[in-house]
Amino acid sequence: MKPVYKRLVLKISGQSMAGDQGFGISTTRIHQTSQEILEVVELGVQLGIVCGGGNIIRGITASAQGIDRTAADYMGMLASVMNALALQDSLEKKGVSTRLLSAIEIKQVAEPHIRRRAMRHLEKGRVVIFAAGTGNPFFTTDTGAALRAMEIGADVVLKGTRVDGIFDSDPEKVPGARLYDRLTYRDFLARNLGIMDATAVALCQENKLPIVVFNMSIPGNIVRVVCGEAVGTTVAT
Ligand code: UDP
């Protein structure tokens, strides 16, 4: 199999680290994911990974329960650091060379995010794990993924989820929901489709960065997407 991308950013949602229980960290799921990442690395692709944190805490949900929104958002960003550490551990155990870069300084466990350093790691074939999203409250790790992808000159943002792509309505609630193969940024935003953060999509639109949303719980899907197979939904111009 031959990759169609040279450098890419893979966004892994916190949910896909949680396994069946829906929260916390499932080491089984993380090992499955890191095995697939290993297969992508072996194709010679330069890979940046952005970890979500929603399996531990989401700012909006925590603030609805009474925690100050900004504090809750920082908690969410720190949650993404925990996920990133778990993923880094699993990847390194499989022999994948990694570097963890955090948008919030936390230097005992991660390098600070410095763009040029990230680029250097990628050129040396290391997987760069970007943690703590954008480093700013009121954003999401989807936006962090779009931002990092643009900074490092990635060819695409891949967003792994637990459904097959972007549907016209929530496939977990609406039977017969229709899956889109392809959408323009404009259509995605106009239809108010919830699967990806609108700020992230608008950022990709401005910079013509394609997005592929796909099901990461199907084994082999990451490699399929990286090799250009028609998997999931592509959002582009
Ligand atoms: N977050 C934030 N700024 C960022 C990225 C994340 O404030 O740049 C916070 C926000 O509270 C979010 C939480 O971290 O709810 C977890 O991130 P996200 O919801 O994107 O994780 P995912 O849904 O991908 O698991």
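All values below were derived from every heavy atom in this structure, side-chain atoms included, with hydrogens, water molecules and symmetry-related copies excluded. Note that ligands are numbered from 1 as they come in the structure, with each ligand's atoms numbered from 1 the same way.
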Considering only heavy atoms, which protein residues lie less than 4.0 Å from any atom of ligand 1? K11, S13, G14, G52, G53, G54, I57, R58, G59, D73, G76, M77, G133, T134, G135, N136, P137, F138, F139, T140, T141
Beyond-backbone contact of L47 with L10, side-chain heavy atoms, under 4.5 angstrom: yes
Sequence neighbours excluded, which residues qualify as side chain to side chain donor-acceptor pair (under 3.5 Å) partners of D89? K93
Answer yes or no: is there a side-chain heavy-atom contact under 4.5 Å between H31 and K94? yes
List in chain and number order the residues that pass side chain to side chain donor-acceptor pair (under 3.5 Å) with S80, two or more places apart in sequence or in another chain; answer none if no residue qualifies. none
Should we say atom CZ of R69 is surrounded by more than 12 heavy atoms from elsewhere, each under 6.0 Å from it? yes
Would you please name every residue forming a salt bridge (charged side-chain N to carboxylate O under 4.0 Å, His left out) with R191, sequence neighbours left out? D187
